[in-house]
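Note sheet for the following structure.
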Amino acid sequence: MDEKKKKKYNYSISYFFIIIIILFIIESFFYTERNTREITYDKFRDYIAKDSIAKVLIGQTKIYGTLYPPTKMMDKMTTKEKKNLKIEPHSKTPWNLFGKQHTPVGKQFYVYRLDDKNLIPLLQKYNIVYEGTTSSNWLGNFLSNWILPFVILIIIWLVLFRRVGSNLGNSLNVGQNKSRIVALDAKSKIKFSDVAGVDEAKAELVEVVEFLKTPEKFSRLGGRLPKGILLVGPPGSGKTLLAKAVAGEANVPFFSISGSDFVEIFVGVGASRVRDLFKQAKEKAPCIIFIDEIDAVGKSRTQPGGYGGHDERETTLNQLLVEMDGFDSNTTVILMGATNRPEVLDKALLRPGRFDRQVLVDRPDLQGREEILKVHSKSIILGKDTDLRKIAAQTPGFSGADLANICNEAALMASRKGKDEVEMEDFSEAIERVIAGLEKRNRLINAKERRIVAFHESGHAIVGHFTEGADPIQKVSIVPRGLGALGYTIQAPLEDRFLMSKPELYGKIKGLLGGRAAEDVIFSEISTGASNDLERVFGLAKNMITVYGMSDKLPNLSLVDRNQGQFLGMGSGLSKVAEETEAIIDQEILDIINSCYQATKSLLMEKKKLLEDMANELLEKEVLDEKDVIRILGERPDKS
C-alpha cells in the first residue's frame, strides 16, 4: 500500500467524552418510558374530571396519557383550541417526544388498566381523544430498546479499537526503518546533466555509478568498491541533488533517509532501524543508501554535552559502525552521507574502510555559477538583454540554491509586471531582493534622515570607487529594504578571489567606514546607521590579527582552533591566550580601525564636492546604477 494513502489517526481521551455523550443521547432516545411517571387510577380519573388530559392511548395492560402543558400559553387557549390540539405518539413507543408533534405537550404518565366500564363514556363526556391498541409490539420494543443501542455501541467500539490498533501497530513497528526507495521512473529521474557548478564532485560520483554498473572493470586489478562516500559542503551547495543524480544515473534501488529518522524516544529503536535498513539494502543489492544530514546520528561520542555512555544516539552510531564493517566485499552496497558540519562527526565514522571518500561540494566559482544559471533558466523565457555571465559576476559566494531562488524570483517579478520575457532588470531586482531584502518604498522617512542616508551611501560609493583594490560599485540606493536597511550600496568583484592581500583588506574596511566618515564630514556628527558596517569592520580587523597573522606586534600568529569552531568558512573558534596577548590583540584591532577611519575621512574631505553632487542626485533619483556612478565620479583610477 502506498504510504501516502495510509491514514494516520491520533488517539486521545476526547474519544471517551464523545462516547459518553452518545450514550446519553441513546438513552434519552430509546428509553423514553423513564420520562413518564406512574400515577394511581384515582389520580387518572381526577385528571379526566379536571379536563387536563390531551390524549389517551388504551393498551392491554396500561393506559398512557399526556397532560396539557401547564403554561401561560395553554391558559390563553380556548376550549376549542385545546380540543383541537394534535399530539401524535411515536409509532413504536407511545408518547415519545422525538416523534412527530405539532404543538408542545405536557407531562406524560401511565396507569395500570382496571376493569372500568365507565372509562370510555367518561372520556367521551369530556371530549378527550382516545385510541386503543390490541398488540404490544414486544419485538419492536425489544429491538429498539435493547438490540439497537448495543449494535451502535459495538460499532463505535470497533471504530475506536481500529484506530487505537493502528497507532498500536505503529508503536510495535518502531524498529522498522523509515527509509523510502526513490522512484526510478523516467519523468522524475535527475541526471548528472541537471547538476552544474560542481564538476569535481560530479566526477567523483560518476565513478561511483560506474562501480555499480560495471564492478568488474575496477575489481580485475584487485581494487574494491568504496564502502562509503561523504558529501561535505555548505547549505544549498547541491549535496542532496548530487545524490539524486547518482540514483537517476545508476538505475539501482536508492534508499533515502534522514539522520534524524533513526533516533526516537524509545531506547534501542535507532539501532534496530539501522539493522533493518542494511538488511533491506543487502537484499536489493546492488543499491545505494543515502543518509541526509548524517551529523544528526553520527555526532562525535567524545564531545561534551552528551547524555552519558548509553545515550540512544551513541547506540545508534555504534550499530551504524558495525553494519558498515559488516559489508561483504562482494556486496555492492554503497553508503552515501551528506552534511554541512563534518567537524562534529565521530572520527571512527570517517576512517578509511567506512567513509572511504570525502567529496567537497563547495560554492561554485564564476564559471560554475553561469552553468547553474543555465540549468535553472531552461524553463524561463529570457529576454534578449539577459546576460547570464553578468548575473553570475554579480553573485559571488552564492550557492546553487541561492541562484535557483534568484531565477525563480526574477520570473515572478516579470510575471507580476505583465511581461512576456524575463529581462535583465528583473534579475538585478531579484539579486537586490535576495541581498538586501524586500523593497519598501512606502516607508515614510523624514527629510533630515533621508539626507543623512543619501550622504551615508554616497560615502560608501566614493570610498569604494577611489580606493585601490576595492570592488566596483554596481548600484547605490536610498530606497529602504528589508527590516532596517534605509539604503544600500552594492559592490561586485570583477572576478572570483580566493586570496586577499593586506592592502585589499584595508580597502574593504575603508569602504565599510565610508558611510560613517561621510556623516562626520558633512554633518559633524554621527548616527546609528553604521551599526552593521561597524560589525563587519570589527570582524575583518579581528581576522587580520587572529586568523591571517597580519599583526605588526604578533606577526605570523594564527589562533584558530578548528576543533572548537565550525568548518567551511562558517566561523571558527579561537585558542585560549594569555591576558597580555588579548590586550595586544584588542589594541591592534583598534589601531587598524582608527587608521582606516582617518584615511577614509581624509579622502572624503578631499572629494567633498563629489560627495555633495552624488548625494544630491541620489535625493533626486533615489537609485543610481553603475553608469550613473561613473558619470558623476569619473573612471576608476585603478582601472586597467
Side-chain angles (χ1 to χ4, degrees), residues 175-182 201 204-205 207-209 211-212 215 218-219 222-232 239-240 242-243 246-247 250 252-264 268-303 306 309-361:
Q176 295 183 358
N177 75 84
K178 295 184 178 181
S179 66
R180 60 185 182 87
I181 300 179
V182 177
E204 289 283 338
L205 297 179
E207 191 175 68
V208 173
V209 174
F211 276 146
L212 293 170
F218 301 91
S219 60
R224 62 173 179 82
L225 295 175
K227 287 187 177 180
I229 296 176
L230 183 65
L231 303 179
V232 178
K239 302 183 293 295
T240 305
L242 270 171
V246 171
V252 296
F254 186 85
F255 293 86
S256 177
I257 190 171
S258 173
S260 60
D261 288 336
F262 288 107
V263 183
E264 286 280 359
V269 170
S272 176
R273 287 179 175 172
V274 171
R275 287 191 295 269
D276 187 62
L277 173 63
F278 279 84
K279 178 182 177 181
Q280 291 186 32
K282 291 174 184 177
E283 292 174 353
K284 295 183 178 295
C287 66
I288 299 173
I289 301 174
F290 175 61
I291 304 177
D292 201 4
E293 305 298 341
I294 195 173
D295 50 273
V297 68
K299 193 171 293 185
S300 176
R301 292 167 290 184
T302 60
Q303 287 190 348
H310 297 288
D311 181 21
E312 168 67 6
R313 182 182 288 107
E314 182 175 325
T315 305
T316 305
L317 174 60
N318 290 336
Q319 186 62 43
L320 180 62
L321 298 176
V322 170
E323 292 293 338
M324 293 183 72
D325 281 338
F327 274 177
D328 187 355
S329 58
N330 298 322
T331 303
T332 52
V333 176
I334 294 180
L335 178 64
M336 293 180 62
T339 182
N340 50 32
R341 302 178 62 199
E343 75 281 356
V344 304
L345 294 180
D346 195 272
K347 293 182 179 179
L349 193 63
L350 300 177
R351 73 162 176 81
R354 286 177 178 150
F355 277 110
D356 300 88
R357 295 186 181 182
Q358 295 187 31
V359 179
L360 177 61
V361 187

My understanding is that only residues two or more places apart in sequence, or in another chain, count here; which of them pass side chain to side chain contact (heavy atoms under 4.5 Å, CB included) with Arg351? Asp325, Arg354
Determine whether Ile229 and Val246 satisfy the following criterion, side chain to side chain contact (heavy atoms under 4.5 Å, CB included), listing intermediate values before the conclusion. CA-CA 12 Å; Ile229 296 176; Val246 171; over 6 Å; no
Roughly how far, to the nearest 0.5 Å, is CG of Leu277 from CD1 of Ile289? 4.5 Å
Looking at residues at least two apart in the chain, or sitting in another chain, which of them share a side-chain hydrogen bond (donor to acceptor under 3.5 Å, both in side chains) with Glu207? Arg357
Partner set under salt bridge (charged side-chain N to carboxylate O under 4.0 Å, His left out) for Asp356, not counting sequence neighbours: Arg224
Do Glu293 and Asp295 have side-chain heavy atoms sitting under 4.5 Å apart? yes
Closest heavy-atom pair and its distance - Pro342, Leu350: O-CD1, 4.2 Å
For Ile291 versus Ser258, what's the shortest heavy-atom pair and its separation? CG2-C, 4.4 Å
Of the non-hydrogen atoms in Ala281 and Phe255, which two are nearest, and what is the gap between them? CA-CE1, 3.8 Å
Sub-4.5 Å side-chain heavy-atom contact between Leu205 and Met336: yes
Can you name the closest pair of heavy atoms from Val361 and Ala201 and give their distance? CG2-CB, 4.0 Å
Least distance between heavy atoms, Pro253 atom then Cys287 atom: O-CB, 3.2 Å
Enter the distance from Ile334:CD1 to Phe254:CZ here, rounded to the nearest 0.5 Å. 11.0 Å
Any side-chain heavy atom of Leu345 sitting closer than 4.5 Å to one from Leu230? yes
Can you find a pair of side-chain heavy atoms, one from Leu349 and one from Ile294, that are under 4.5 Å apart? yes
Could you measure the distance from the NZ atom of Lys299 to the CD atom of Glu343? Nearest 0.5 Å is fine. 10.0 Å
Calculate, to the nearest 0.5 Å, the distance between atoms OG1 and CZ belonging to Thr316 and Arg273 respectively. 9.5 Å
How close do Val359 and Glu204 get, counting heavy atoms only, and between which atoms? CG2-CB, 4.0 Å
